[in-house]
> 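Following this message is one structure expressed as structure tokens.
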Amino acid sequence: MQTIFAGAMVVLLFVVPYPTIVWLLKRSSLPASRWLSALVGAGVGVGVLTWLMMAEGMLGIRWEQGTILLPFALIFSPGSLLWWRGRKHGVVDVSPPTTRPSHMIWLGRLVVTVVSAAVLFNALYWPFYKADAVGIYADQAHFMSVTRALIPLQLTNYSYYQAYPMLVQLSYTYTYIAAGWEDAYLAKLIPTLLSLGCLGAVFCLGKALYGDKAGWLAVLLLVFTPLFGRWASSGYADLPAAFYYTLAALFAWRLWSADHPADALVSGIMIGLGAWTKNALLAGVAFWLAFMGMAWLRRRIRFSNLCIAIAACGVIAAPWYIRNLLEAHLLMPATVWTSQAGRTIPNLLVFISHPENFALTGWLIVIGLVLGLVQLARHPRLADREMLLLTFTLPFFGFWWLLASYDRRFLLYFLPILVVLAAGYTLRIWERIPSKSQRVISWAISLAALAMTVYIVSISVDYKTAILRDPLMTDAAKRAIVLAPSKVDN
């Protein structure tokens, strides 16, 4: 019964902030669909809960259900009340009308549903088994759930990874406390849902920049990227960080377009939560600041809104890193093995030199990058979209190639934004094809997409042979399989 209650509490984390976010985004000059409000609400819910646990841990408050959930509810109560009052007077968030769904949209819905189901199945079926999920995230959550406190930075005989940002680890800790036992399956659900939220985030960003078709194409390109399918249910922090980073870019664009305090606030919150999820996103904060600074210099946003965005980011991200500096005299642990970086031409062309990770999406990303750079060089005043996407991705890629190109997983931080760039330019190329040829090609693409869906579903579910042999295996049997080094079935 307590496990069922814990599952309900996890659902509420994603749902409770929704009315507040609807009310807030209604203040913006730009429309915000219910889907966008739900995405932001989900991210804010997990972020606020874990941030509150961090704050209470720093203040020496022991974590209990009441000490966590009461301030969480109090934070969102005023916004929910304002939303309800506005709703009673007819001031409600209404999604803008859309045209009749096209063939691409129906295909996108089918593919997203099937692949998301496979990812969720893999997350809920297997306990933690990937290296960092077991050795860092779950291990830290175990320590914190037992002690009901943060891991001391000066703790001897413990890994320096305790200086890592704690959004994912504290979300695990919360599920352990709520369930009354270390429920790895429920714990994995939270980062998996945030990872799948990347699909909604790329749709919203693609639609905002290039239109509805580009949004759906961006979703398909991300779904068909093998790297995404392999890591979405891993329990790692990379894709949850990418989720926040993509939404930060989206609201930076909304701020650029309409210069409203609500969009400034949300953009700052999202980039702050990204840095609270993964310390690599501190570089992302720098690129976000660069874009915001350009927006201010070009008089697209007011200085007051720039200050709102920076303040929101600082309130969320700064406390953890200040603690690191004061107690451990470091901003982040030295966990990037820069000596192993492969500064090679194949790594510079990683999106096309590793088709097992990027498939066709990698080629479209390269095309988008080349055409985007050309557009920015030739018409800098007419390349606002390219400036946004390239600022958030190209310097990040440079950092990866110079410092961390030993692991392609780190490209996930900005992969969703690159996919939006690829989708925008792919549609431009598509529009130059004669309509008769488009119809023939579209059916061929649809068949290829269905075949690709089967492949992505296959790689999204691990240890398939073991599942087919005993689909109703016990928890002990699952752990015996995933912890056996010789049994790898991906």
Side-chain angles (χ1 to χ4, degrees), residues 10-51 72-73 75-98 105 108-109 112 116 190 193-209 211-212 215-216 218-219 240 242-274 277 305 308-309 312-313 316 416 420:
V10 168
V11 172
L12 286 177
L13 295 184
F14 290 86
V15 174
V16 167
Y18 175 77
T20 300
I21 299 303
V22 170
W23 174 84
L24 176 63
L25 294 185
K26 186 65 180 179
R27 314 272 78 73
S28 174
S29 306
L30 296 175
S33 68
R34 290 187 174 94
W35 281 109
L36 178 57
S37 298
L39 284 171
V40 174
V44 167
V46 177
V48 167
L49 179 95
T50 55
W51 191 92
F72 181 83
I75 286 173
F76 293 107
S77 294
S80 297
L81 179 61
L82 290 169
W83 168 81
W84 180 255
R85 291 179 60 185
R87 181 176 179 272
K88 290 173 64 176
H89 290 85
V91 183
V92 296
D93 174 62
V94 179
S95 302
T98 57
I105 292 175
R109 289 173 177 173
V112 168
S116 296
I190 294 177
L193 289 174
L194 293 179
S195 298
L196 290 175
C198 289
L199 300 175
V202 297
F203 169 76
C204 293
L205 181 58
K207 182 176 180 179
L209 293 175
D212 202 60
W216 278 110
V219 170
F243 168 71
Y244 289 118
Y245 193 50
T246 306
L247 286 178
L250 169 61
F251 280 90
W253 176 253
R254 286 170 59 94
L255 182 60
W256 174 283
S257 303
D259 191 21
H260 195 278
D263 296 313
L265 178 64
V266 176
S267 187
I269 290 172
M270 291 297 108
I271 195 65
L273 289 175
T277 306
N305 286 338
I308 289 172
C313 173
I316 292 169
V420 172

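Numbering of residues begins at 1 and proceeds along the displayed sequence. Since we're looking at a predicted model, the values are computed, not measured.
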> Distance from L194 atom CG to L273 atom CG, nearest 0.5 Å?
10.0 Å
> Name the one of V202, L250, V219, T246 that satisfies side chain to side chain contact (heavy atoms under 4.5 Å, CB included) with V420?
V202
> Output, in order, the C-alpha distance, side-chain angles, deciding distance and verdict of side chain to side chain contact (heavy atoms under 4.5 Å, CB included) for L247 and L36.
CA-CA 9 Å; L247 286 178; L36 178 57; 4.3 Å; yes
> Would W23 and L81 count as a side chain to side chain contact (heavy atoms under 4.5 Å, CB included) here? Give the steps.
CA-CA 9 Å; W23 174 84; L81 179 61; over 6 Å; no
> Applying side chain to side chain donor-acceptor pair (under 3.5 Å), name anything that partners S195, two or more places apart in sequence or on another chain.
none
> Nearest 0.5 angstrom please: R254 CZ to L25 CG, how far?
6.0 Å
> A side-chain contact here means heavy atoms from C-beta on lying under 4.5 Å apart; do I271 and F251 qualify?
no
> Okay, side chain of H260, backbone of R27: is any donor-acceptor separation there less than 3.5 Å?
yes
> Tell me whether N305 contacts the main-chain N or O of D259 through its side chain, where contact means a donor paired with an acceptor under 3.5 Å.
yes
> Without swapping roles, check the side chain of W51 against the backbone of I316 for a donor-acceptor pair under 3.5 Å.
yes
> Does the side chain of P17 come within less than 4.5 Å of V48's, by heavy atoms?
no
> Checking F76 against V44 for the side chain to side chain contact (heavy atoms under 4.5 Å, CB included) test, could you report, in this order, the C-alpha distance in whole Å, the side-chain angles of both residues, the deciding distance, and whether it holds?
CA-CA 10 Å; F76 293 107; V44 167; 3.7 Å; yes
> Between V40 and Y18, is a side chain to side chain contact (heavy atoms under 4.5 Å, CB included) present by the stated rule, with each step listed?
CA-CA 8 Å; V40 174; Y18 175 77; over 6 Å; no
> Would you check if the side chain of Y244 reaches a backbone N or O of G43 as a donor-acceptor pair within less than 3.5 Å?
yes
> Under the 3.5 angstrom rule, does the side chain of S267 hit a backbone N or O of D263 as a donor-acceptor pair?
no
> Rounded at 0.5 Å granularity, tell me how far CE in M270 sits from CG in L265.
9.0 Å
> Between T20 and W83, is any pair of side-chain heavy atoms under 4.5 Å apart?
no
> Can you measure from CG (L12) to CG (L49) and round to the nearest 0.5 angstrom?
11.0 Å
> Testing the basics here: between L199 and S116, what is the closest heavy-atom pair and its distance to 0.1 Å?
CD1-OG, 3.9 Å
> Roughly how far apart are C198 SG and L39 CG, rounded to 0.5 Å?
9.5 Å
> With heavy-atom distances below 4.5 Å as the criterion, would you say the side chains of F243 and L193 are in contact?
no
